[in-house]
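Everything numeric in this text was worked out from a predicted model, so none of it was measured.
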Amino acid sequence: MRGRIQPGSILVRGPVDHDGRAPGAGSRLRLTWRRVVLGVLAALVLTLGFAYTQRHEYSDDAADLSRSLIGDENTARIEGWYLAGQDRVDRWKYSVFGGSTTPFEDEATLAALARTERDVAAEMAAAIVPDPLETATHYFVPYVPPKPKPLQLPVTVALRDDLGAGEGVWTTEGLPRTSPDDVLMAKTFIRPDKVRPYASVGLLLLDQRRVRLHLMGGTEHPGGDRGVRGPGVIPVSERSLLVAAWNGGFQGPHGGYGMVANGKTYRPLRNGFASVAVLADGTVQMGEWGKSLLWRDDMIAVRQNAVMLVDNCQISPRTKEGNNTWGYVEVNSAEFITWRSAIGLTATGDLMVAAGNSLSAETLAKALWAAGACWAMQLDINSPYVLTSLYFAQPDGTTKAAKFVSGMSDNPARFFNTQSRDFMYLTLDETRFVP
């Protein structure tokens with residue numbers, strides 16, 4: 001029949017093949033759509049992959065945008081869902097592919113920096129011309145004062161049966177201004193979670209008699225919303241003495257934990273929360289504010305953050321508490337499995353800094369306790385906020401920064417720049433290093 005087109009048929013002009021289609025038309029059409037779909041999928045995969053690799057760089061801005069759009073509570077819940085999903089992926093990846101269980105993967109780089117720094121110190125010592133009177137031993141024997149007692153390395157507690165190489169063993173390898181004969185600092189790592197063997201906490205122990213702790217308010221946090229803004233930068237005059245630096249605590253509104261430093265009250269100090277305090281002579285104290293730690297006239301800086309992780313040499317039972325003890329939303333961020341950091345003190349008063357991946361508040365507390373901390377408080381959580389930097393003197397007079405834990409995502413030189421969030425740093429100060 002002529003002049004009739006059946007419903008659903010396709011009108012084709014020009015030559016047709018034996019089944020009524022234009023030669024190659026159908027194949028070209030199917031091929032084109034297949035290419036479009038595959039192209040879109042490939043672009044989506046590449047975009048998601050790039051976004052994942054850059055997630056640390058934009059996570060802060062994304063979180064702030066989310067809070068402004070859907071509120072703090074919903075943002076915290078989404079963060080919890082994301083971290084729970086990431087935790088499942090991490091556990092699956094380790095079960096299938098395995099992975100590293102030590103945080104100190106970049107030992108060669110750290111060791112090279114430490115050797116360079118020791119070479120600089122040796123050259124400076126060799127350039128000193130001895131006083132002839134001091135070397136004239138045929139007249140008198142010079143008095144050699146006794147050396148101060150060395151840094152006391154805590155005895156660590158094994159938290160698992162399958163300890164990794166070096167786990168729980170203190171070492172000075174790859175650390176600035178230190179050696180086995182002159183231990184300014186030492187490091188080890190602890191794996192506190194038997195379900196997650198890849199969760200590893202790097203612990204840095206420092207002789208408190210030889211360093212001075214500085215608390216630095218950021219330009220925005222913790223007091224920017226109250227109109228109290230900090231310098232947010234390490235003074236240039238102190239950079240040649242830098243030993244280490246690390247992140248501070250939660251943002252100002254996120255819990256409202258107090259901070260006093262730099263001659264300012266960024267937020268009022270509140271009873272019941274973990275606090276680290278610096279005295280005028282450089283002594284560091286730690287405890288629960290209003291209970292074991294109170295204001296005194298010689299305090300120059302205090303920072304609070306959530307509750308004690310370790311208190312009186314015991315893991316605090318409060319590490320499982322939720323709500324306003326771990327932030328100001330109703331979501332219990334103490335249970336989030338994520339990057340976490342902390343500061344602590346040993347029984348002898350020496351300083352301990354901790355950071356690691358895939359941790360809850362409780363497992364972080366276990367690692368600190370196992371390493372010998374008698375008091376400890378959590379600082380900030382999540383990557384890229386968690387960062388501990390080590391500083392090494394260079395032959396040209398500059399200072400080079402390196403990550404303490406290789407998995408930390410941000411640039412170790414971050415603290416050379418002005419910071420919007422508060423942070424802490426250490427300078428060499430041996431005025432209290434006496435016999």
Side-chain angles (χ1 to χ4, degrees), residues 76 79-80 83 103 190 192-193 199-204 213 215 221-222 245-259 267 269-270 272-277 284-289 291-293 302-329 331-346 351-388 404-405 408 421-424:
E79 181 182 17
L83 292 173
I190 300 287
D193 192 338
S200 183
V201 181
L203 297 126
L204 183 65
L213 176 64
L215 310 186
H221 295 287
W246 56 90
N247 57 274
F250 290 167
Q251 292 187 34
H254 294 184
Y257 309 119
M259 181 173 179
R267 304 195 89 84
L269 302 173
R270 300 168 58 200
F273 293 111
S275 306
V276 58
V284 178
Q285 296 183 339
M286 190 173 297
E288 181 181 316
W289 195 258
K291 184 179 178 182
S292 57
L293 192 62
V302 180
R303 178 54 155 118
Q304 299 182 312
N305 207 63
V307 298
M308 297 294 290
L309 294 175
V310 182
D311 196 8
N312 198 27
C313 302
Q314 298 293 325
I315 297 173
S316 171
R318 300 188 67 189
T319 56
K320 295 182 179 180
E321 291 182 9
N323 300 333
N324 69 341
T325 55
W326 293 102
Y328 69 130
V329 294
V331 180
N332 184 6
S333 64
E335 297 177 352
F336 288 178
I337 303 300
T338 185
W339 275 87
R340 294 178 184 269
S341 59
I343 184 173
L345 292 177
T346 67
L351 198 61
M352 189 177 291
V353 182
N357 64 303
S358 300
L359 300 168
S360 66
E362 184 181 23
T363 53
L364 176 59
K366 287 181 178 179
L368 284 152
W369 172 82
C374 277
W375 298 270
M377 64 176 259
Q378 181 179 262
L379 296 175
D380 211 350
I381 68 174
N382 297 336
S383 183
Y385 312 130
V386 174
L387 176 66
T388 302
F404 174 55
V405 172
M408 293 172 171
R421 297 169 179 255
D422 71 290
F423 64 97
M424 305 180 184

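At least one side-chain heavy atom of Leu368 sits under 4.5 Å from a side-chain heavy atom of Met352. For the pair Asn357/Ser200, a side-chain contact is recorded, criterion being any heavy-atom separation below 4.5 Å from C-beta on. Using a 4.5 Å heavy-atom threshold, the side chains of Met424 and Val353 count as separate. Taking the side chain as every heavy atom from C-beta outward, Val405 and Trp339 approach each other to under 4.5 Å. Side-chain contact between Asn247 and Val386 is present, with heavy atoms from C-beta onward closer than 4.5 Å. Taking 4.5 Å as the limit, some side-chain heavy atom of Ile343 sits within range of a side-chain heavy atom of Trp246. Counting heavy atoms from C-beta on, the side chains of His221 and Pro253 come closer than 4.5 Å.
The backbone N or O of Leu293 lies less than 3.5 Å from no partner atom in the side chain of Gln285, so there is not a single donor-acceptor pair. Within the 3.5 Å criterion, the main-chain N or O of Tyr257 finds no donor-acceptor partner in the side chain of Gln304. The backbone N or O of Leu364 lies less than 3.5 Å from no partner atom in the side chain of Arg340, so there is not a single donor-acceptor pair.
Every residue meeting the side-chain contact (heavy atoms from CB on, under 4.5 Å) condition with Ile315, not counting sequence neighbours, appears here in chain and number order: Ala365, Lys366, Trp369. Judged as a side-chain hydrogen bond (donor to acceptor under 3.5 Å, both in side chains), and not counting sequence neighbours, the contacts of Asn382 are Glu79, Thr338. Partners of Phe250 under the ring pair (Phe, Tyr, Trp, His ring centres under 6.0 Å) rule, at least two apart in sequence or in another chain, do not exist in this structure. In this structure Ser358 satisfies the side-chain hydrogen bond (donor to acceptor under 3.5 Å, both in side chains) test with no other residue, sequence neighbours excluded. Here Thr388 pairs with nothing under the side-chain hydrogen bond (donor to acceptor under 3.5 Å, both in side chains) rule; sequence neighbours left out. The salt bridge (charged side-chain N to carboxylate O under 4.0 Å, His left out) test applied to Lys320 returns Glu362, not counting sequence neighbours. For Phe336, there are no ring pair (Phe, Tyr, Trp, His ring centres under 6.0 Å) partners two or more places apart in sequence or in a different chain. Contacts of Asn305 classified as side-chain hydrogen bond (donor to acceptor under 3.5 Å, both in side chains), with partners at least two apart in sequence or in another chain: none.
Nearest heavy-atom pair, Ala334 versus Ser360, reported as atom, atom and distance to 0.1 Å: O-CB, 3.6 Å. The shortest non-hydrogen separation linking Ile190 to Ala371 is CG1-CB, 4.5 Å. The minimum heavy-atom distance linking Phe273 with Thr325 is given by the pair CE2-CA, 4.3 Å. Between Ala354 and Leu203 the shortest heavy-atom distance is CB-CD2, 3.8 Å. Nearest heavy-atom pair across Pro192 and Ala199 is CD-O, 3.5 Å. Closest approach of Leu379 to Gly248, counting heavy atoms only: CB-O, 3.2 Å.
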For this session: Show your working on side-chain contact (heavy atoms from CB on, under 4.5 Å) between Leu359 and Asp193 and close with a plain yes or no.
Result: CA-CA 8 Å; Leu359 300 168; Asp193 192 338; 6.0 Å; no
For this session: Decide yes or no on side-chain contact (heavy atoms from CB on, under 4.5 Å) for Asp422 and Leu215, but give the supporting numbers first.
Result: CA-CA 8 Å; Asp422 71 290; Leu215 310 186; over 6 Å; no
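Taking OG of Ser275 as the start and CZ of Arg303 as the end, the distance is 10.0 Å to the nearest 0.5 Å. Note: Arg270 CZ to Trp289 CH2 = 13.5 Å, rounded to the nearest 0.5 Å. With values rounded to the nearest 0.5 angstrom, Met259 atom CE is found 11.5 Å from Arg267 atom CZ. Atoms CD and CG, from Glu321 and Asn332 in turn, are 9.0 Å apart once rounded to the nearest 0.5 Å. From Leu345, atom CG reaches atom CE of Met286 across 4.5 Å, with rounding to the nearest 0.5 Å. The structure places CD of Glu288 at 14.0 Å from CH2 of Trp375, a figure rounded to the nearest 0.5 Å.
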Would you give me the side-chain donor-acceptor pairs under 3.5 Å for residues 306-314, sequence neighbours excluded?
none

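Test Val284, Val276, Thr346 against Leu351 for side chain to side chain contact (heavy atoms under 4.5 Å, CB included) and you get one pass: Val284.
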